[in-house]
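Quick notes on the structure that follows.
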Number of protein chains: 2
Amino acid sequence: MDAAAGLAAAAREGTPTRARTRAGEANMERILDAATEVFSAYGFHGARIGDIAEAAGMSKPNLLYYFPSKEALYSAALAQTLEMWVVPLGEMDETQEPAAAIGAYIVRKLEASRDKPAASRLFAMEIIQGAPYLMPLLTGPLKTMVEEKIATMRQWIAAGKLAPMDPLHFIFTIWATTQHYADFTVQVRALTQSDLSNPAFFAAARDNLLNVLLNGILPRP
Amino acid sequence: MDAAAGLAAAAREGTPTRARTRAGEANMERILDAATEVFSAYGFHGARIGDIAEAAGMSKPNLLYYFPSKEALYSAALAQTLEMWVVPLGEMDETQEPAAAIGAYIVRKLEASRDKPAASRLFAMEIIQGAPYLMPLLTGPLKTMVEEKIATMRQWIAAGKLAPMDPLHFIFTIWATTQHYADFTVQVRALTQSDLSNPAFFAAARDNLLNVLLNGILPRP
DNA sequence: GTCTATAAGCGGATAGAC
DNA sequence: GTCTATCCGCTTATAGAC
């Protein structure tokens with residue numbers, strides 16, 4: 001979707017890189033993956049450039065050859081994360097049936113929590129810490145997109161396809177519940193000895209969410 | 001409730017303090033409040049003892065007179081936070097009607113997000129970072145308590161007072177949705193220009209949650 | 001109990017050889 | 001492009017006067 005792609009692209013702006021060779025690109029990818037992992041686990045200040053370099057299999061100065069500073073690296077890791085975060089929302093539109101559209105969105109978000117948990121945690125930490133890097137994107141493109149989706153849900157309600165409810169708070173409810181499994185994995189694991197990477201657990205989480213959330217908003221027959 | 005009090009008390013263990021005078025106690029409280037604020041905003045590593053001291057209105061060495069190290073201070077702030085986190089869960093028991101009991105729990109948690117948002121964020125950061133301090137409490141007392149509440153919900157389901165569902169995932173759903181308003185305040189504010197401290201916004205969030213979550217689990221008439 | 005001054009160590013970033 | 005060696009600033013924690 002356009003808005004989502006634009007949002008992610010906007011986040012990438014102002015991130016000076018290096019080296020356009022094939023090996024260089026591969027290195028940058030390894031660095032970004034390592035950075036996502038380490039930043040999400042220790043926060044911006046707690047993360048050590050040396051740890052990221054080690055995880056990426058290179059020396060500290062070599063990492064700094066590709067990304068000029070810790071801030072630039074953090075910013076780049078966040079930008080990569082954003083894409084995963086907003087694209088699924090863009091896929092929901094008013095031509096679909098609400099139960100199918102919202103159900104698909106919930107499942108996509110839950111899959112994202114399963115497949116890229118560190119990215120979800122990185123995003124969560126950035127927001128918790130006040131969104132120093134992402135704030136312009138929240139108040140700009142993300143807001144526009146959310147308003148679009150609220151309008152879609154209002155149409156569904158007007159058409160009697162959804163029970164009357166507050167679409168904005170319902171979007172928060174979807175975000176909160178699906179991201180919880182990634183952001184609070186450690187707590188989930190402590191209480192269940194399992195997580196989304198276990199197919200049976202994933203299915204149970206998915207069924208609970210579809211069941212509770214869709215039952216909560218579909219009109220009573 | 002006993003389990004909840006025990007949990008919070010356990011978290012306080014091993015936190016050597018100082019000074020038992022009245023003024024000393026007041027200072028320690030001011031320090032803990034400041035610490036909760038600063039640690040939740042910057043993370044453990046990002047937080048500066050100097051900033052906490054300033055926010056508490058005293059010098060850095062004086063703060064270190066009350067708490068022997070940054071770690072001890074962090075640990076103490078977390079312990080204070082835990083109480084707020086677990087006590088409401090303990091209040092839910094099988095003598096109540098499920099809709100009333102669960103509804104009351106949701107509202108209590110949402111009030112906690114409104115009244116102590118920094119504490120919620122501190123807890124979230126600790127979990128996201130792997131729960132280095134709280135892990136023993138998660139696998140021990142918290143787990144016991146959650147299992148108790150799951151049993152309660154199973155009784156309600158067996159009695160036909162709740163639709164068949166997965167109580168554990170439903171508890172995650174409640175935690176996720178209520179804490180979202182504290183942990184992601186910055187995003188919520190960016191999208192709505194409001195937050196839980198605004199009574200109308202609080203009412204809208206509460207009504208959405210009660211509506212969606214309770215509709216989702218009450219048996220169809 | 002509270003302060004000033006300072007010690008000690010760590011981590012981001014750079015210089016410069018290869 | 002990648003490394004070793006090093007600089008410099010910043011922050012925790014302590015010493016010791018008041």
Side-chain angles (χ1 to χ4, degrees), chain A residues 14-78 122 125-126 129 132-133, chain B residues 14-78 125 129 132-133:
Chain A
T15 305
T17 62
R18 256 315 138 113
R20 296 291 173 191
T21 74
R22 292 136 196 81
E25 294 286 340
N27 273 343
M28 294 203 14
E29 259 181 60
R30 292 218 320 285
I31 294 172
L32 281 174
D33 286 348
T36 302
E37 211 65 48
V38 176
F39 278 130
S40 75
Y42 298 97
F44 175 77
H45 295 280
R48 302 294 165 226
I49 273 192
D51 293 350
I52 298 174
E54 191 181 357
M58 69 184 62
S59 69
K60 201 165 51 163
N62 198 20
L63 180 151
L64 287 167
Y65 170 79
Y66 288 99
F67 294 89
S69 72
K70 189 182 184 181
E71 286 211 345
L73 179 54
Y74 180 73
S75 199
L78 261 184
L122 179 63
M125 295 229 7
E126 162 73 6
Q129 304 203 3
Y133 290 83
Chain B
T15 305
T17 62
R18 254 318 135 114
R20 296 292 172 189
T21 75
R22 293 135 195 80
E25 293 287 340
N27 273 343
M28 294 202 20
E29 257 181 61
R30 291 217 322 283
I31 294 171
L32 281 175
D33 286 348
T36 302
E37 211 65 48
V38 175
F39 278 131
S40 75
Y42 298 97
F44 175 77
H45 295 280
R48 302 295 165 223
I49 272 193
D51 293 350
I52 299 174
E54 190 181 358
M58 69 184 63
S59 70
K60 203 165 48 165
N62 198 20
L63 180 152
L64 287 167
Y65 170 78
Y66 287 100
F67 294 90
S69 72
K70 189 182 182 181
E71 286 212 343
L73 179 52
Y74 179 74
S75 198
L78 260 184
M125 293 220 16
Q129 303 202 4
Y133 290 83

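Each chain gets a letter, A, B and so on, in the order the sequences are listed, and its residues count up from 1.
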**Message:** Test your reading of the model: is there a side-chain donor-acceptor pair from E126(A) to the backbone of L78(A), 3.5 Å cut-off?
**Reply:** no

**Request:** Using whole Å, report how far CD of E54(B) lies from P of dC3(C).
**Result:** 13 Å

**Request:** Side-chain contact test, heavy atoms from C-beta onward, threshold under 4.5 Å: evaluate it for M58(B) versus R30(B) and give yes or no.
**Result:** yes

**Request:** Hey, could you give me the CD/OH distance between E25(B) and Y66(B), rounded to the nearest 0.5 Å?
**Result:** 9.5 Å

Using atom names, set out every protein N or O paired with an N or O of nucleotides 13-18 of chain D below 3.5 Å, distance rounded to 0.1 Å.
residue, atom, partner, partner atom, Å
dA13(D), OP2, K70(B), N, 2.9

**Prompt:** Taking the side chain of S59(B) as heavy atoms from C-beta outward, which of dG1(C), dC3(C), dT2(D) is closest to it?
**Reply:** dC3(C)

**Request:** Round to a whole Å and report the spacing from CZ of R48(A) to P of dG11(C).
**Result:** 5 Å

**Request:** Return the value, rounded to whole Å, for the distance between atom CG of L63(A) and atom P of dC3(D).
**Result:** 11 Å

**Request:** Measure the distance from CD on E25(A) to P on dG1(D) and round it to the nearest whole Å.
**Result:** 10 Å

**Request:** Please report how far the helix from dG1(C)-dC18(D) to dC18(C)-dG1(D) bends, comparing the axis fitted to its first five pairs with the axis fitted to its last five, to the nearest 10 degrees.
**Result:** 0°

**Request:** Using a heavy-atom cut-off of under 4.0 Å over every strand shown, decide if A47(B) touches base, sugar-phosphate, or nothing.
**Result:** sugar-phosphate

**Item:** Interatomic distance where CD1 belongs to I52(A) and C1' belongs to dA13(C) [whole Å]
**Value:** 14 Å

**Request:** Provide, to the nearest angstrom, the distance between the CD1 atom belonging to I31(B) and the P atom belonging to dG1(C).
**Result:** 12 Å

**Request:** Specify the closest pair of heavy atoms between Y133(A) and S75(A), including all atoms of both residues, with the distance to one decimal.
**Result:** CD2-OG, 4.1 Å

**Request:** Grab the CZ-P distance between R30(B) and dG1(C) for me, whole Å please.
**Result:** 13 Å

**Item:** Minimum side-chain heavy-atom gap E54(B)-K60(B) below 4.5 Å
**Value:** no

**Message:** Show the nearest heavy-atom pair for residues A77(B) and A35(B), with the distance to one decimal.
**Reply:** CB-CB, 4.3 Å

**Request:** Output yes when at least one side-chain N/O atom of N62(A) is less than 4.0 Å from OP1 or OP2 of dT4(D), else no.
**Result:** no

Just distance, no hydrogens or angles: give the donor-acceptor pairs under 3.5 Å from side chains in residues 36-49 of chain A, sequence neighbours left out.
residue, atom, partner, partner atom, Å
T36(A), OG1, L32(A), O, 2.9
S40(A), OG, T36(A), O, 3.0
S40(A), OG, E37(A), O, 2.9
R48(A), NH1, H45(A), O, 3.0

**Request:** Compare every heavy atom of A55(A) with every heavy atom of A34(A), then report the nearest pair and how far apart it is.
**Result:** CB-CB, 3.8 Å

**Request:** Under the side-chain contact (heavy atoms from CB on, under 4.5 Å) rule, what do L73(B) and L64(B) come out as? Steps first, then yes or no, please.
**Result:** CA-CA 9 Å; L73(B) 179 52; L64(B) 287 167; over 6 Å; no

**Request:** Could you check how far OH of Y42(A) sits from P of dG11(C), rounded to whole Å?
**Result:** 12 Å

**Prompt:** According to a strict under-4.0 Å criterion, is Y66(B) in side-chain N/O contact with OP1 or OP2 of dT2(C)?
**Reply:** yes

